[in-house]
Each structure stands twice: as structure tokens, then as C-alpha cells.
2 protein chains.
Amino acid sequence: MVVIEAGARGFLRIMIKRAKGVTISQVADAAGVARSSVSRAFTKPDMLLPETVDRIMKAAEALGYVPNHTARALSTGRHGNVGLIVPDIANPFFPPLIQAAQMEADRSDFCIFLGNTEESPKQEDKLVGRFAGQVEGLVLASSRLSDERIRAHAAQLPLVLINRDIDGIPRVLIDSGSGVRGAVEHLAKLGHRKIVYVSGPQTSWSNKQRRNAIRSAAASAGVAVEIVAASLPSYNSGRNAVDAILSTGATAAVAFDDVTAQGVLAGLAERRVSVPGDFSLIGCDDVLGAVTYPALTSVSNRSREAGRVAVSLLLDLLQSGAIRDVRYVLETHLVVRSTTGAMP
Amino acid sequence: MVVIEAGARGFLRIMIKRAKGVTISQVADAAGVARSSVSRAFTKPDMLLPETVDRIMKAAEALGYVPNHTARALSTGRHGNVGLIVPDIANPFFPPLIQAAQMEADRSDFCIFLGNTEESPKQEDKLVGRFAGQVEGLVLASSRLSDERIRAHAAQLPLVLINRDIDGIPRVLIDSGSGVRGAVEHLAKLGHRKIVYVSGPQTSWSNKQRRNAIRSAAASAGVAVEIVAASLPSYNSGRNAVDAILSTGATAAVAFDDVTAQGVLAGLAERRVSVPGDFSLIGCDDVLGAVTYPALTSVSNRSREAGRVAVSLLLDLLQSGAIRDVRYVLETHLVVRSTTGAMP
DNA sequence: CTGTTAGCGCCTTCAG
DNA sequence: CTGAAGGCGCTAACAG
């Protein structure tokens, strides 16, 4: 129905009155049954005579009835939503994760609340609170919260963590260690004797993990390692790190992530250092695919799987009602492309 | 409280009983007032004596009361959520848009439901339906639905479109035409006499817009144009288009988007065609920032603003209750970096 | 198998 | 300014 009325200041306002939800009672009347039967027809049809279900469904269809999600949620306490909170949607690490989470939720007819914390713990706390009332559970990806806050939230509602290792809270971890070890061995085999690790954020769980993996792998391969800090994981900090990298005398580098690696790649090109002729470079996360030139050798990241598994785990927990201390680890591996070659 | 109980099959199950929501009644009792007063204290405090509000708030705090969103929604019909549906989260065009939408919603304490349609109209329809019950309004970004379906949905709940131009439905459009014209003029000024447009998906509103803008701008600048189709907007189709591009004899190209342009860039490098020395290249959407080497000249995209404006518009509509026929157009412009130079 | 009867937790008239 | 009562739409025992 379209309504045209005079607004407060005299001008015309066009309003479209939207269909006011048909209720279960109207359907019940139309079908000549009790409200509860209509409810059952939609939730537990096997409790009813097939023909009754049929009659109810016909009436419902005719009236355009559609169950009210909110009312059902209030009554059952289950609303069929899960929340997903990430620090930065725009970081290429997350979109595939989000997408996979979404697909997995969809398979069970769940909806996803998405939250972006802008890397701020305060914002993260706020979002958890805002979501808490309307989701059955939450996935926290690369949370920036303290262990205490996370534990506190976990006491309020089912929680699954991604890339955060807290005892007693279900978590899925991407073990970049395995892939990073492969990277170091790959470089050693190519003859490199000294490499540098271009590090990421000091507070990052992944950075710590990668740094340690490189150190130990290099030690056992007899390769020297130097660390060059690139505070932020960004293109610019990678590019700015190039002088420091070259001054170490190393012939190869592993960067905290692909974005940083791409910055390094650009910096090297500007200085006429050819890759992989004069210098070899490896990224992490494999988020750039083969889009750089030369195509970047990188460590696979499996963020897509992490998203899928996390949601799947959460839905399992919701269904079973139990909390299991799950620690799901995803191994990674080296993806060799064109930025690595024999030591010059 | 931690409970350890024997599970059905005898093994131990550890469960954490979560705090069962404190209700308004408990607060009312504790504060010695009626339930309605507690409700008012939270929604219309000015209707109450300041000291009453105070007493209620104290009691609420002590009990750890937090209003039940679902119950409130059932009662008021407003649940403080909006939905955002996109075709492909992983396409770099969308994350900034999503992020901005999220921030704008957050400013008004709204939560965002995110839906990913995998480019499928069927999935999009399904998501709209699933969301409909629990959001007050919806933003459809680059919808793949037919005009009819969109109109049908718009009749059910408030809708705002991004990059889709349908009369009578509020929409925000990114006009890449202006930027693309700038691109052509830029190339003409550099002396190029023949250019190619590497086109995107035939069904895309943006592709049509860009193609037309290039044609008309080239005509008035006296530049010849050829179209090379790159069916999908992807790195590979860009790279595969390179031979066709070079065989036209053109000295410059504008690509449908940055991802395609990056593929072209790689293809050119493989064929030892130097950029911008031998060939000039311009992308669209500016999603790669300056991360390619050489840094890509591109047309700005403003997807971030589109996301922000769309949500802001939607919230306005919700508040006013009226439907205005808004058509919000965002102009774009050329961002000159290092892939364009004088005709060889 | 189906109807009856209570709520779920909150908001909102309507009286005082 | 505050209390009492009814209802939002649906589900969940409990009877038949």
C-alpha cells in the first residue's frame, strides 16, 4: 500500500506501508487448528498428521505467513546467529577467512554478525558486548584482547579463538612454523648462507611463532640469521627495511607477511637488485597469490580453512552443549614460485 | 560455575554453566520498584526522579543486569541491526566498503549482518530472506538480482542499493565515468593516439559505464579506442589479454579494474615490454594502492565512502520512516602514479 | 495426534 | 512521577 501524506512542514511524503507480519494465530484460524499446531507444523512436522501439516502449510502460504525469528528466539533462547570479530577486514588475511566462516554458517542456516575492531581492544570489548545478546556464540579471530578479558567473555558465551592459544578455550591455530621451516630449508638448499627475517608486530602471536621457527630451522641448517624489524606489516615498512636488509650482507630474506614482502620487492627493484638473480625473497600468508612480478614464493596460510573450522567447531559446541578443550592446528607449507633462486 | 557430570556414555563431560540472564523483575525487586520503572530507567530516564533512576541503576549493576535485546526487539519491533550483502568479500573492492559500513553502523549502535552471495542471485535471495526477520533494513552492494526481485524485496523492508540504479529505490552510485574520462585525457596529453580498453564482465553496471565513458572521451580527444575483452575481472584474464592488447598496435591501455591491470602488467613484463617506457597502463578502483611495481596509475574508487553513505542513508530512512528517492553519486578522479608516460 | 495453558523479557498504555 | 496489567509472536509442557 502506498500512502501519500503531508509532512510536518507541508511537503509531501511518500510512504510505503510494509506488510505487517502475519501471525501464527491468523494461520491457526484460517486452518481451523490451534496455534500450537501451526508452530509444530513448522518445527516438528512429524508430530502431526501429514494432512494436517498440509492444510496448515496451505493456509500459511495463502496468508503469506513467515515465522517471526525474534519471537522464536525469545521463546527458545536460540537465535541462529553467530558473531565473528576480526581486527581489520581490509587486511587481505581476513576476507577469505570471513567468507569461509560465512559459508559454513550458511550450511546450518546460521547468520553471521561481523565486527571489525580496528585493532583496538576497547572496540573489541564493546563489540563482544553488543553481540552477546543476539548471538549464540562468537568467533574471535586474531583477538587483540588480553587473556583475562577473553576468559571473562568465554564464561558468558561459547567462544572459539583463531590464532590465539589459550588453555581451555577451543581454538584453531595456523601453524606457520612448519611452512617457515620449509622456507629456510629451501633457501639453504639453494646455497644461501645468511638470511634475514623481516619481522612483524611485536605483539603478534604469529610473528613470535615465525621468528622462533626461523631461528631454529636456520640453526639446524647451518644458516646465519639476522632480524630486521618492520614494526608494522605494511607495504611501506617493507620498502623502508630494504637498506637495512641489504646492509646485513644476506642473500635472501623471509618477510613476516606477503604485504611486507611486496614492499621489500619494490624496494629491491628501485635499487636495481634483481630478484631472484641477486637476492631471494619469501613471504608469508600467501595472500597475494601469484599477483606480484616476479610471482612471490610464500608460505601458505590456510586462513580460509581456519574460518571454516572455527565456525564448524562453534556450531558443534552449541549443539552438544559441552565445552571441549579443542586445539585444532593447521599445518602450512612452502609455495615455491619465482622469487627464490640459487645464491649469487 | 563448573559442573562435571557423567555423559550418556559414561565419560566425563565438563560444562560451564553460563550466567542465566538477570531479568528486569529481579532488578525491580532489588530496587523496590515496579518492573516498568526499571524499563523506564533504561529507556526514558527523564520520566523518572533522578534518585529513582540512581537506585535502579545501582541495583542493576549489583546484579549484573543487562537488557535482553531479543525481548526488547519483540516488544518494540526494532532490533538495531542492518544487513549488508555483497557478491564477493574476497574481491578487494569490498573490504573497505564493509569496513566503512561497519563503522557507520557502530556510530549508531547498530550491528551488521554480513552476507556473501558468491555472485549467485539465488544465494542473494536466500540471504535477503534469512536476514529479513532480524534486520531493520538492508544494504545491497553490487546486487546480482534482477530489478524485479530487488523491487519485491524493497516492498518488504527498507533497502539501499550500491552501484545499482533503480528508480524509486535509494541508491549510492560510484561514477567511475568522471575518472575514466580523466584517464583518457591524461593519455591523450601524453601523446597517445590509440588506446585499448580491457573490459570487465558484460553484466556489470560499472563495466558498461566505463566503456561508454572511454568511448566518448576518446572521441572528443581524437584518440582511437579498441576493446579487448577480459571476461572475468581477474589477474589471469588480464595476463592472457596481453597478446591481444599488443596486437592492436595501441601504446596504452585502461583496464576494467586494478586486478586485471596487474595481470596485464605482469604479462607485459614477461614480454619485456617496459612500463611506462614502451607502454602506458591505467587501472580502475585503486584497490592496490601503490603496491605494484611500478606503482599503478588508477581511477579512484571511493568504495569506502559508498559503504559509509549507504548505511548512513539507511539509518536516516529508518528514523524518518519515509522513503525518499535518493540518488547519491560519488565522482571519481584519476590518480597518477608511475605506469603512465609519454608515447614512445 | 492435537488443544490448552503458561510463560520467554520487555515495553507501553492506562490509571492513579 | 510511578504502579498495574496486557501484549509482542512463538514454544513448551501438560492434558486429553
Side-chain angles (χ1 to χ4, degrees), chain A residues 18-60 63-81 109 132-136 156-157, chain B residues 18-57 59-60 63-81 109 130 132-136 156-157:
Chain A
R18 301 180 196 292
K20 252 319 215 178
V22 179
T23 78
I24 215 174
S25 308
Q26 307 180 35
V27 178
D29 289 353
V33 297
R35 285 166 9 206
S36 45
S37 292
V38 179
S39 172
R40 287 177 187 123
F42 279 86
T43 53
K44 317 171 174 67
D46 355 273
M47 283 187 63
L48 262 33
L49 230 42
E51 51 194 44
T52 313
V53 175
D54 210 63
R55 191 152 38 95
I56 294 177
M57 287 315 204
K58 279 207 170 49
L63 295 178
Y65 168 76
V66 40
N68 180 319
H69 199 96
T70 312
R72 179 177 292 179
L74 178 59
S75 186
T76 61
R78 325 200 62 232
H79 12 187
N81 301 324
D109 289 336
Q134 20 190 2
V135 300
E136 295 183 31
Q156 299 299 128
L157 85 175
Chain B
R18 301 178 196 292
K20 249 324 214 178
V22 179
T23 78
I24 215 175
S25 309
Q26 307 180 35
V27 178
D29 288 354
V33 297
R35 285 166 6 201
S36 43
S37 292
V38 179
S39 172
R40 286 175 186 124
F42 279 86
T43 54
K44 315 172 175 63
D46 355 273
M47 282 185 64
L48 262 35
L49 231 43
E51 51 194 42
T52 312
V53 174
D54 210 63
R55 190 151 39 96
I56 294 178
M57 287 316 204
L63 295 178
Y65 167 77
V66 39
N68 180 318
H69 199 96
T70 311
R72 179 177 292 179
L74 178 58
S75 188
T76 61
R78 322 200 66 234
H79 15 62
N81 301 323
D109 290 336
R130 215 209 275 323
Q134 19 189 5
V135 300
E136 296 184 31
Q156 298 299 128
L157 84 177

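Note that the structure is a prediction, hence the values are computed from the model and not measured. The figures here come from the full heavy-atom set of this structure, side chains too, leaving out hydrogens, waters and symmetry mates. All chains are named by letter (A, B, ...) in the order of the sequence lines, taking the proteins before the strands, and each is independently numbered beginning at 1.
- Side-chain contact between A:V22 and A:V66 is absent, with no heavy atoms from C-beta onward closer than 4.5 Å.
- Between the CZ atom of B:R78 and the P atom of D:dG9 there is a distance of 16 Å, given to the nearest Å.
- Counting heavy atoms from C-beta on, the side chains of B:M57 and B:D54 never come closer than 4.5 Å.
- Taking both residues in full, the closest heavy atoms of B:N68 and B:A71 are given as OD1-N, 2.9 Å, listed atom of the first, atom of the second, then distance.
- Nearest approach of A:S37 to A:I56, heavy atoms of both residues: O-CD1, 3.6 Å.
- Here the P atom of nucleotide C:dC11 and the NE2 atom of B:H79 are 14 Å apart, to the nearest Å.
- Proximity of A:T23 to A:Q26: side-chain heavy atoms (C-beta onward) are separated by under 4.5 Å at one or more points.
- Side-chain atoms of A:H79 come within 3.5 Å of backbone N or O of A:Q134 as a donor-acceptor pair.
- Here the side chains of A:T52 and A:R40 are not in contact, with every heavy-atom distance at 4.5 Å or above.
- Between the side chain of A:R35 and the backbone N or O of A:S25, no donor-acceptor pair lies under 3.5 Å.
- For A:L48 against A:A41, the heavy-atom pair with the smallest separation is CD2-N, 3.6 Å.
- In terms of phosphate contacts, A:S39 brings a side-chain nitrogen or oxygen within less than 4.0 Å of OP1 or OP2 of D:dT11.
- Comparing A:R35 and B:V53 by the nucleotide of DNA chain D whose heavy atom lies nearest to each, the residue mapping closer to the 5' end is B:V53.
- In this structure, B:R72 and B:S75 have side chains that are not in contact, with every pair of non-hydrogen atoms separated by 4.5 Å or more.
- To the nearest 0.5 angstrom, A:D46 atom CG is 9.5 Å from A:T43 atom OG1.
- Going from atom CZ of B:R40 over to atom C1' of C:dC10 covers 12 Å, rounded to whole Å.
- Of the listed nucleotides (D:dT11, C:dG3, D:dA5), D:dT11 has the atom at the smallest distance from the side chain of A:I24.
- Within 4.0 Å of B:S36, counting heavy atoms only, lies at least one base atom of the nucleic acid.
- If you check every strand for non-hydrogen atoms under 4.0 Å, A:V33 touches sugar and phosphate atoms only.
- Over its length, the helix from C:dC1-D:dG16 to C:dG16-D:dC1 turns its helix axis by 30°, as judged from the five terminal pairs at each end, rounded to 10°.
- Nucleotide D:dC10 holds its C1' atom 15 Å from the CG atom of A:D29, rounded to whole Å.
- Of the residues in residues 42-52 of chain B, B:M47, B:L48, B:L49, B:T52 come within less than 4.0 Å of DNA chain D through at least one heavy atom, sorted by number.
- A heavy atom closer than 4.0 Å to some atom of DNA chain D occurs in A:P67, A:N68, A:A71, A:R72, A:S75, A:T76, these being the qualifying members of residues 67-77 of chain A.
- One can place CD1 of A:I56 at 14 Å from C1' of D:dC10, the figure rounded to the nearest angstrom.
- Spacing between atom CD of B:Q134 and atom C1' of D:dC10 amounts to 15 Å, rounded to whole angstrom units.
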